[in-house]
Amino acid sequence: MNPPNDDRFDWHAAERDLNTPDAEVVDLDAARAARNPDADDEEGGPVLVDSTDAQRPPRFTLDAVRTGQRRPILPAWLRSRSELADTMRWAVGHLLHTTAYHATRLPKYAGKLALRSPGGAWRLASGAVRWVFDWEGEQLRQATSETRDGELYLKLSRQRDRRVRWRGIVATFILSLSLLAGAAMAWAPSWAQWAIPALLVTLCGLAGQPADKPLLDTAVVVPRVARLTSDVVVRALAVLGISGISQAIAKQGNRAIAFTAPITRDGPGWRADIDLPPGVTAGDVIERRDRLAAGLTRPLGCVWPEGQPEVHPGRLLLWVGDQDMAATPPKPWPLLKTTGGFDLGRAVPFGTDPRGRVISIELPYTNLLIGSIPGYGKTAATQVPMLAAALDPYAELWCFDFKGTGGLDPLEKVSARYASGQDDDTAEQGLLALRELRKECQRRAAVIKGLPKTVCPDNKVTPELARRKKLGLHWLVVALDEVQELFSHAEFGKEAGELAEKVIKLGRALGVILVVATQRPDAKSLPTGVSANAGTRFCLRVMGQIENDMILGTSAYKNGIRATMFAKKDKGVGYLVGAADDAQIVRTFYVDGPTAEKITDRARALREAAGTLTGHAIGQAAPTPAARRDTLLDDILTVVPATEAKVWAETLTERLADLNPEAYGDLTRDQLTAALKPYGITTGQVWGTDPATGKGANRRGVERQHITDAVAERNKRRGDKAA
């Protein structure tokens, strides 16, 4: 420490003071506190500028109030018309069930009362006698006589005499009134002569009821579920084996887990909003859902942890239901109750969340991607929006089932295009459909471009425009179930993926809606251009992070949206992304085969009345390709000799037309190019001589060797399949 820069400083005096035995030691902290008592904290110590107390924001500030989240005045079921109607239906149904249950047991209850009435009469009579003669105080009076406290005994005896005197008067008065009433029964109406004894029997029967045998049976057995408390949640989180949580609890106890709001009832369960310790994410807890359920001692289907990445990665929303979701009876699809049609411009009821609330999705202006491993409800989830589209008589349906199990068969009777199977023909029909969709998108874009802004201000199909038949802008909904069979097809997969990517990008505003379902979400089976442009995604159970993010979007797994947490019994349960601001856990509505047939019968009748039944539904075959896929390559080799290495495309179409006019009579150069594309054959510049003019020129054509290689590859593949 440097001395002060002052010529008047006396170094000798300072040295003498330090060496003096009587020097005083000063407590600097106490001296500072004495000089500035306002700087002390509540315990009297100084507040450091970097301490938690110094940095703690004021508890009540205007900014804090402004940024605070306002809780709804009314509960969710009162703010939603559908939930209010559902709650009222439940309440009325519960009341009717309880009333009918007890009404059928009235004879049983009457018999119980009659059998218990003698015992009840004896209880009432003995109780009245004990009351009149003050037998309740007899034990105390006897105890006083044994202690030989004469004064207290006389005092208690006089008190008893007074009680017995006035209680006897009251009892005599009541007994006299009862006798008079009994005598008057002879002149009472017949209904009273029956009603009063029945009332007396009822009162005596209730008085004679044993404590462990109530009169009424239980109409509704309510499961007894323990209340969810913060201690229970902390204890469950502590056993998950997450080091960040274990270390924080070891240091801070229960304070390591912060509850941002009180644990409250939320539907048929409890909701807890939790801030996990620093460094622990909601995904860490979600992937241990089974251990969390074990820590809470609840069935796995009752425990549903969700992340809230929009708040921060460590925010966990834990909902614990009263009943296992898989054991809860599924709610019927709301559209089953309707008798008329459905406007596809409205939200489609898709399923229910763990709280039992109906979750809806919007089909226009989006595309739906559904994925899972086999056997967890993917086709059933695909069927729900397609059945809703079928009930809109102005919506056109194209359905393709590349698995061939008939999951979409009920929709065949209302579909303009339909195919089902695992063969090459079904794959080819899917490819042709995508080609037609691409052309349809171009046509619709031209129609929309020509409409005035007053009719189409946003350059997209609106529900009003979809109802105008002349424009041809009706909703066009295309279902591609098990689409991996098409996208991974050796001949058609590449082109199908390119076409689907174009359609899914352009069709959103043009009224074209794709519903794509796959059980193998990888780059080959599901092109990234398709998965990346699906606005709504539904992922049922998958086995890994890659599959999870292929369906739900990049970083979904990292943000705690993990379809890997679903168990074997969680069939039909998945994560829904894109239908709301936050990801939702949804159990899809299940429509069985016979019910689906009834729905499509109603849908067909609506379409017949509206005059919109077309295509496959009325027996019209889909347009066949301009070139025959099964014999095209062989026919080209027939008309192009081995000595001719290259040939113009227009020359080739003329030769094919001469070979088979019925199959190739209208074949154009562009159609030939499209037909060769699935085999990887492209047209290039070919030098040749024009037979009409005799002059040489470069024109688009093909090489015979490319055709030969494609035939060899096809034959090899067919041989492998046969083997």
When rounded to the nearest 0.5 Å, the distance separating CG of Leu540 from CD1 of Ile370 is 8.0 Å
Please tell me whether His312 and Asp275 have a donor and an acceptor in their side chains that are separated by less than 3.5 angstrom. yes
| said: Between Arg444 and Glu440 (salt bridge meaning N to carboxylate O under 4.0 Å), is one present in this structure? | reply: yes
Review point. Do other residues, nucleotides or ligands put more than 12 heavy atoms under 6.0 Å from Glu412 CD?
Key: yes
Any ion pair linking Arg435 and Glu495 (charged N to carboxylate O, less than 4.0 Å)? yes
* To do: Give a yes-or-no answer on whether the side chains of Glu396 and Trp398 include a donor-acceptor pair shorter than 3.5 Å.
  => yes
* Scan side-chain atoms only and decide if Asn548 and Thr564 contain a donor-acceptor pair under the 3.5 Å cut-off. => no
**OP:** Assess the side chains of Asn459 and Lys449: does a donor N or O sit below 3.5 Å from an acceptor N or O?
**Re:** no
Nearest heavy-atom approach of Ala282 to Gly307 is CB-CA, 3.8 Å
Exercise. With Lys460 as the cation and Tyr365 as the aromatic partner, state whether NZ or CZ is under 6.0 Å from the six-membered ring centre and within 45° of the axis.
Key: yes
The reported gap from CG in Leu606 to OG1 in Thr600 (rounded to nearest 0.5 angstrom) is 11.5 Å
Inset, instruction - State whether Trp304 and Arg289 meet the cation-pi test: NZ (Lys) or CZ (Arg) under 6.0 Å from the six-membered ring centroid, and within 45° of the perpendicular axis. - result: yes
Exam field: side chain Lys331 to backbone Gly356, donor-acceptor pair closer than 3.5 Å: yes
Derivation and outcome, side-chain contact (heavy atoms from CB on, under 4.5 Å), residues Val461 and Ile448: CA-CA 8 Å; Val461 176; Ile448 291 176; 3.8 Å; yes
Taken to the nearest 0.5 Å, the spacing of Cys539 SG from Ile551 CD1 works out to 5.5 Å
- Query: Among side-chain atoms of Glu485 and Gln422, is any donor-acceptor pair under 3.5 angstrom?
  - Reply: no
Residue pairs meeting side chain to side chain donor-acceptor pair (under 3.5 Å), one or both in residues 503-518, sequence neighbours left out, come to Gln484-Thr518, Glu501-Lys505
Output for pair (Asp353 CG, Ile359 CD1), nearest 0.5 Å, gives 4.5 Å
Can you tell me how the ring of Tyr418 sits relative to the ring of His616, calling it parallel under 30°, perpendicular over 60° and tilted otherwise? tilted
### Query
Can Arg562 be said to sit on top of Tyr557's aromatic six-ring, NZ or CZ under 6.0 Å from centre and within 45° of the ring axis?
yes
What one should report as the nearest heavy-atom pair of Arg602 and Leu335 is NH2-O, 3.4 Å
